[in-house]
Structures are given as structure tokens and as C-alpha cells.
Amino acid sequence: MLGVILCGGQSTRMGTDKGLIKTDGATWAQAAAEKMAALHLPVLVSVNKDQYNRYTTVFTAAQLVKDMETMDVKGPLLGLLSMHIKHPLNDLFILACDMPLMETSTLKQLYGEYEKQPAEAYVFTNNGVPEPLCAIYTAAALLHILQLLQTSKLARHSMKFALEQVNTFSVPLTENQKKYFRNFNALAELNGL
């Protein structure tokens, strides 16, 4: 399994690249990578072509995987499938860079379910709604989603819809855990971080 930090968003509402925002001396992307590395996983960072050079100041080139622009899909699903194409035999544990409140213990909980439960994907649910940007996608699930895309059978290109196409094991979030999944989209939301 590989740990994957998703950083390839446009950050238009934030006005600056969210993965490169610093809190406590580390960028959000670095902090997310450290949390994932605590699971003893090799960590890669998903970026778009415009971000690549900026991210080489924070990560090695070997850690960066650029979105494949030839795919007819956008958003986080593009980053996820681009990573799958580069590493087709690996299951991927993804974490969006804009969840700076995420706790390593929560990541470990999902990883524990992956080790115990037979499924193709593993997600937390918040009041029954999946949290697809902190989730585990097996290589088999990703191959199936990619094949649906390639045969024009993936009706919607959302992460939640992709999860509906595979056998997904869900873990309900506790009330205390819900704050870890807060993502930040505007500078005004950063007060008190």
C-alpha cells in the first residue's frame, strides 16, 4: 500500500495553494505526509502540472506524481486514477492536504479495518455520507473505476459516485472524530488554526 496526499486542487476559493500553507512550521502537504508516514507507508504526493515545480521545493521529485491530463476526468478522481496508473498494483490510502486537523489515530483506525475486512474500498461516513478524501482504495477497485471511465460507463466523475461502483466498507465517525474531516477552503476559515 502507498500513502497518497492529494494536493492537485485549484485552491481558487483559498486564493493560494492549500498544500503549501504553513501551520506550525510545516506545509499542510508535509503535515499530511507525516501523518501517513506514521503508518509506515511510503508516501507520494499527487499534484497538477502547474504545481509540480513549487512542490519540488518541499518534496523530492520521486515523491511527486503529476495528474495525467489526457484523462477525461477532473478533480480528486483525476489525482487518484493518475496515481493508480503509475502504481497499478498498489492499494492507495489517500488523504486530502486540506484536512489539517486529521489525527494519525483516525488513519490507523481505517488501516486496521483494511487489514481485517474484505472489501474494495474503505471509508469513514459522516451521518451516513462517505468521506472519500480520507479513504483506502484497493488496486482492484481502482482498476474497475478506471475501466468504467475508459468505456464511458462512469456516469458521474465524483469520488462518492466512484465509491458506489465498488464494494465499500464504511466506518461511522464518532462525534469527536467529525472535526478531523473539516476541510478549509477560504483564508477566513483559518482563524484559530
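Model, not experiment: these values are computed from the prediction.
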- Task: Could you go through the side-chain contact (heavy atoms from CB on, under 4.5 Å) check for F59 and V47 one step at a time?
- Result: CA-CA 11 Å; F59 296 97; V47 295; over 6 Å; no
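- To the nearest 0.5 Å, atom CD1 of residue I21 and atom SG of residue C97 are 8.0 Å apart.
- Residues C134 and F181 have side chains in contact (heavy-atom distance under 4.5 Å, counting atoms from C-beta outward).
- Using a cut-off of 4.0 Å between Lys/Arg side-chain N and Asp/Glu carboxylate O, K49 and D67 are scored as not salt-bridged.
- In this structure, the side chains of L6 and L133 come closer than 4.5 Å at one or more pairs of heavy atoms.
- Between G19 and Y55, the shortest heavy-atom distance links the atoms CA-OH, 3.1 Å.
- The NZ atom of K178 sits 10.0 Å away from the CD atom of E131 when rounded to the nearest 0.5 Å.
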Can you give me every donor-acceptor pair (side chain of residues 29-44, partner residue at least two apart or in another chain, under 3.5 Å) with its distance?
| unit_1 | atom_1 | unit_2 | atom_2 | d |
| --- | --- | --- | --- | --- |
| Q30 | OE1 | T27 | N | 2.8 |
| Q30 | OE1 | T27 | OG1 | 3.1 |
| K35 | NZ | P100 | O | 3.0 |
| K35 | NZ | M102 | O | 2.8 |

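- Annotation: K74, atom NZ; neighbour count of heavy atoms from other residues, nucleotides and ligands within 6.0 Å does not exceed 12.
- Ring geometry for Y122 against F169 counts as tilted: the plane angle lies between 30° and 60°, on a 0 to 90° scale.
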- Between L20 and W28, does a side-chain contact (heavy atoms from CB on, under 4.5 Å) hold up when you go through it step by step? CA-CA 6 Å; L20 298 177; W28 284 7; over 6 Å; no
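- Taking each heavy atom of S46 and G79 in turn, the nearest pair found is OG-CA, 3.5 Å.
- Heavy atoms only, all atoms of each residue included: I85 and M68 are closest at CG2-SD, 3.5 Å.
- Within the 4.5 Å cutoff, the side chain of L78 has no heavy atoms near those of the H157 side chain.
- A donor-acceptor pair under 3.5 Å is absent between the side-chain atoms of N90 and the main chain of L92, judged by distance alone.
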- Message: Is there a side-chain contact (heavy atoms from CB on, under 4.5 Å) between N48 and E69? Walk through the geometry before answering.
- Response: CA-CA 9 Å; N48 63 47; E69 296 176 5; over 6 Å; no
Please list every donor-acceptor pair under 3.5 Å in which a side-chain atom of residues 136-151 meets a protein atom from a residue at least two apart or in another chain.
| unit_1 | atom_1 | unit_2 | atom_2 | d |
| --- | --- | --- | --- | --- |
| Y137 | OH | P132 | O | 2.8 |
| T138 | OG1 | E120 | O | 2.8 |
| T138 | OG1 | A141 | N | 3.2 |
| H144 | NE2 | Q165 | O | 3.4 |
| T151 | OG1 | Q147 | O | 2.8 |
| T151 | OG1 | L148 | O | 3.3 |

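- Remark: the Q109 side chain and the T106 side chain contain no N/O donor-acceptor pair separated by less than 3.5 Å.
- Side-chain contact check for D17 versus Q51: some heavy-atom pair is nearer than 4.5 Å.
- Between the side chain of S82 and the backbone N or O of L80, no donor-acceptor pair lies under 3.5 Å.
- Closest approach of T125 to P172, counting heavy atoms only: OG1-CA, 3.4 Å.
- Heavy atoms only, all atoms of each residue included: L95 and M99 are closest at CD1-SD, 4.1 Å.
- Atom CG in D50 sits 10.0 Å away from atom NZ in K66 (nearest 0.5 Å).
- Here the CD-OH distance, from Q177 to Y180, works out to 7.0 Å after rounding to the nearest 0.5 Å.
- Heavy-atom neighbours of N167 CG from other residues, nucleotides or ligands within 6.0 Å: above the threshold of 12.
- For the atom pair CG of D98 and CZ of R182, the computed distance is 11.0 Å after rounding to the nearest 0.5 Å.
- Nearest heavy-atom pair across V123 and P130 is CG2-CB, 4.1 Å.
- Of the possible donor and acceptor atoms, one in the side chain of Q63 sits under 3.5 Å from a partner among the backbone N and O of T60.
- Other residues, nucleotides and ligands contribute at most 12 non-hydrogen atoms within 6.0 Å of the NZ atom of K86.
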